[in-house]
Amino acid sequence: MKIRIEDITADAKELAFAEPENEINRVLGAGPIREYHLEGPVEVSVSFYRAGTELFFSGKLKTRTGAVCARCAEDFDAAGDRPFRFVLSPKSIGYDDDTLRAEDLEFSLYEGDEVDLSPLIREQVLLALPTRPLCREDCRGLCPHCGVNLNRGTCDCRVEILDPRLEAIRSLKLPRT
Ligand SMILES: [Zn+2]
Ligand SMILES: [Zn+2]
C-alpha cells in the first residue's frame, strides 16, 4: 500500500486496507520462525498526518495466524489485534538506517514522492509474533518419555523419568532441628 507524500497533511486521515499475506508467509517459511503462517491478509486500519517533515502513522493490525505450539506441537489459532505506530523522517536530513534502527524500531526514513507502508506493516506483523509460540501459557507439553500430550491426558512415566540425582537427595536423612 503506497501513499503519496503530498496527500499526507497536518489533518489526520484514515485508511483501511488489506495487506496480502504471501510475502510475510515467505519470510516465515524461510526464516528462523517456521512455527507460524498467516491464514489470510492482514487487515490494517491506520491514521496518518504530517508534523513538519515527519510523518506519523498509528493504527491497528488484525491477523489470522496459524501456529504450532513449541511444547505440545499442536496447531492453534494465534489470531490477534495489535496496535502499531511509527514515524518517518525524510532521508535527506542525513540520518542513515543503521543509527535509526539502533535507536528506535518505530523510526524509519522516507524519500521520493510516496511512502510504501507494506514493508513497515510486514515488519510490525513479524515483530508481534512471540519467538516461542505456546498454545496457552501453562501448556504442559508432551511427555518426553511416551509422547502423550499432557494437556489431554496423563501417563505412567513420571516415576520412571525421575532424575536419579533427585532420588539421591531425597534419600539423605536430614538432621532434626
Ligand atoms: Zn501446547
Ligand atoms: Zn509418558
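In listed order, ligands and their atoms are each counted from 1.
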On a heavy-atom basis, which atom in G66 and which in E39 lie closest, and how many Å separate them? CA-OE2, 3.6 Å
Strictly under 2.8 Å, is any N, O or S atom of H145 next to the Zn ion (ligand 2)? no
Please state the angle at the Zn ion (ligand 2) spanned by SG of C155 and SG of C146: what is it, rounded to 10 degrees? 110°
Could you tell me the separation between the CG atom of L88 and the CD atom of E111, rounded to the nearest 0.5 Å?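 Here the rounded value is 11.5 Å.
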Can you tell me, to 10 degrees, how wide the angle at the Zn ion (ligand 1) is between SG on C135 and SG on C139? 110°
How wide is the angle at the Zn ion (ligand 1) spanned by C72 SG and C69 SG, rounded to 10 degrees?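 For SG of C72 and SG of C69, the angle centred on the Zn ion (ligand 1) reads 110°.
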Side chain T63, main chain T65, donor-acceptor under 3.5 Å: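 Between the backbone of T65 and the side chain of T63 there is no qualifying donor-acceptor contact (under 3.5 Å).
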Are more than 12 heavy atoms, taken from residues, nucleotides or ligands other than R136, located less than 6.0 Å from that residue's CZ atom? yes
